[in-house]
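Sequence lines set the chain letters: A, B, ... in the order given, protein chains first and strands last, and positions in each chain run from 1.
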Amino acid sequence: MSQLLANLNPEQLQAVTLPPQHALILAGAGSGKTRVLTTRIAWLIQSGQVDPSGILAVTFTNKAAKEMLARLGAMLPISPRGMWVGTFHGLCNRLLRAHHRDAGLPQLFQILDSADQLAAIKRLLKTLNVDDEKFPPRELQHFINGQKEAGNRPHAVEAWDDFTKQRVQLYQEYEAQCQRESVVDFAELLLRTYELLERNEPIRRHYQRRFRHILVDEFQDTNRLQYRWLKLLAADGAEGGAALLCVGDDDQSIYRFRGAEVGNMRDFEREFQVKNVIRLEQNYRSYSNILDAANAIIRFNTHRLGKNLWTDQGAGEPIRIFEAYADSDEARWIVEEIQGLVRDGRSRAEIALLYRSNAQSRVLEHRLFSAGIPYRVYGGLRFFERQEIKHALAYLRLIANPDDDTAFARVVNFPTRGIGARSIEVLQDAARTYNTSLYATVPHLTGKAGTALGQFLRMIEDLRRDTGPLTLPELIDHVLDRSGLRDHYKSEKEGSERLENLDELLNAAANFVAEQQAGAPGADPADPGEHRQLADFLAHASLEAGDHQADQGADAVQLMTVHSSKGLEFDVVFLSGLEEGLFPHENSILEAEGLEEERRLMYVAVTRARERLYLSFAQSRMLHGQTRYNLRSRFLEEIPAGLTKWLSPPSPRAALGGATGGAGGAYFTSSAKPAATQREPRPAFASLPGGLRIGQNVSHAKFGQGVIVAAEGGGSDARVQVNFGSAGMKWLLLAVAKLDPA
DNA sequence: CCGATGACTGTTTTT
DNA sequence: CAGTCATCGG
């Protein structure tokens, strides 16, 4: 016990040993948040205050859940079995499987990931003959998810105008379709569980009594519905409610776009009359130069709960800043720098390359690849999202649940078997009249379409029957053969990688089975013969995108978006693409709220670094197939000059209509020296009249500072397009507009 | 009904 | 640029 609490600082100790009351822990980056959370659980159990089964711990990602279980396993002599640890979605899935009847679902319901959901919506619009120009599927998806997160079923949505009314109508149709097909999307997992607990008193009471301590990680990223869900579970039951301990950092809230409500932190404090608010502000991760930069940046945000990170580790190295001509130059420079670091004995796994959006990884990957540096990309298209895997899963889904029309539509003609659009249309019309799933409709059909479809149906039925006694990997192997998927990819010229992935699916299944057996044999007694294990595997595939990327063990440079870097830390961090429009992203720049979220994202990125931080940007960048010229990010200007060291001489930056500009606006530091590696500016851009060129900074009397991004015409008709930052993008006639080189 | 070809269009971040 | 979608000729 004393060992458990050793080496905690006073605030951490206080948090770990709080009495069983509600508490809010404001935990800054690198302040030992995860440690506090796990130690708290271990302490509660070890001191006999609670049985493991009385613990409910909610994490943000599956990875975090796994890590927490692993740490607990190492801390506790007893197995952490009986505890519920997982993501909101994972826990809801578990609850719905256990109480599927009360929730109005078949036991083997399927889970739609975002892409499946979008496909389902498109299919719905098609069958209803709705104009998808007027109701863009993506927008409709957003609308539906938003309503679900607000707890609104279609009848509860307030709709005054026609447009909203129609969308509500579609929402309703979508729900009916999902129910018919026994599928559940992400938001539905949460809402369905919430309604189950709310309406079913015995079940609610059962869990309210069971869970004595509810611990929530990354609380700043919970959405409204998740918060209500927590309130319901922690509400005062007969025995008094659970103690709710929420850990979060409002400065690291980066999922507003997905419905996260930082406001939950304030609401929690108020509604639960939280007496215990503890701030963890000592950072054990980074040197103070890095921390001071992060603090300086985040100070530009308003509406913070307030918190200041500090460290006693000393200043450390200055933050290195590099300006490149083009994105390819930026990538080349990063790779050269990495080679130097590796020569100096650094391990590649301790070097991270962060970027704002996934598209940016291509250039970096390209350079790394040609330099022969092992690297690993997180995120991007994940294993279970690859098309060959989705196809295989669709067959599996049909075995588990033939009414899954999304799965049916996906593979009914893949590999092609002579069932074309016309047949599908006939089938869909029939399904609508009989009000049955596509699968169940097939026997009703006669004629040509009926025969081909009948053959498909028989194949699926054979699969269902033949696979009953097989183990999961055997089952999948059988399906890959019988469906023709394997043959299809064998004959495809670029199919070898896909074949490998299909084999990898077998491995994933084998691992899944092994883990399940090792994990909790007593959790839910698997009913044999019902393909129960298959359903569990499919849920696993939907909920956990799967880290089946490159070799985990290899010493490889780590590439990921800033979002997926949250919670991780590295000795060396490169943050690339620090340009206006990219980071902060152009879609977020106009809204104050959006910009603040970008800044929090920047804060997250900076605080990932332990020892060394590189920030870089490029004057020009390929995006959407064309070259764009961006100003350097305002976030760079927000870092006090004394903390930085420019590796390239900074060029003057066009001002941004005054929104920022703190930090004194001084770009040079005393230690800045012209980099020896600086190349001559390349004559990359054609000259324009008046000695101007594309990419050049200019000033205009009315619009202020800007940069030339394009030109057209000639002679007296010559025009240039200038990006004036917050003053907008303008086309100017050179003969008329007075532009001075800046 | 199938596959190929070309136009178009869009991208932030993810459980 | 790259993935999706529509159109066209077999």
Distance alone, cut at 3.5 Å: any donor-acceptor contact between the side chains of A:Gln117 and A:Asn145?
yes
Before we go on, tell me: are the rings of A:His585 and A:Phe257 under 6.0 Å apart, centre to centre?
no
Under 4.0 Å between any heavy atoms, over every strand shown, what does A:Phe88 touch: base, sugar-phosphate, or nothing? Just pick one.
nothing
Classify A:Lys122 by what it touches in the nucleic acid, base, sugar-phosphate, or nothing, heavy-atom distance under 4.0 Å.
sugar-phosphate
Rounded to whole Å, the CZ-C1' distance (A:Phe257 to B:dT11) equals 13 Å
Quick one: A:Gln360 CD to C:dC1 C1', roughly how many Å, whole number?
15 Å
Taking the six-membered ring for Trp and the single ring otherwise, decide whether the centroids of A:Phe635 and A:Phe300 are under 6.0 Å apart.
no
Within the 3.5 Å criterion, strictly below it, is a donor on A:Glu149 or A:Gln147 matched to an acceptor on the partner's side chain?
no
May I ask you to say what A:Phe583 touches in the nucleic acid, namely base, sugar-phosphate or nothing, with a heavy-atom cut-off under 4.0 Å?
nothing
Taking OP1 and OP2 of B:dT14, is either one under 4.0 Å from a side-chain nitrogen or oxygen of A:Asn358?
yes
Parallel, tilted or perpendicular: which describes the rings of A:His391 and A:Phe414, with under 30° parallel and over 60° perpendicular?
parallel
Would A:Tyr255 count as stacked on B:dT13 if the rule is ring centres under 5.5 Å and plane angle under 30°?
no
What is the separation between atom CD on A:Glu218 and atom C1' on B:dT15, rounded to the nearest whole Å?
12 Å
In whole Å, what is the span from the CG atom of A:Leu354 to the C1' atom of B:dT13?
13 Å
Between A:Arg258 and A:Arg138, which is nearer to the 5' end of DNA chain B once each is assigned its nearest nucleotide?
A:Arg138
Taking donor-acceptor contacts at under 3.5 Å, does the side chain of A:Ser114 reach the base of B:dT15?
yes
Between P of B:dT13 and OH of A:Tyr378, the distance in whole Å
18 Å
Hey, does A:Glu597 reach any base, or is it just sugar-phosphate, or nothing, if we go heavy atoms under 4.0 Å?
nothing
Contact class for A:Asn413 (heavy atom, under 4.0 Å): base, sugar-phosphate, or nothing?
sugar-phosphate
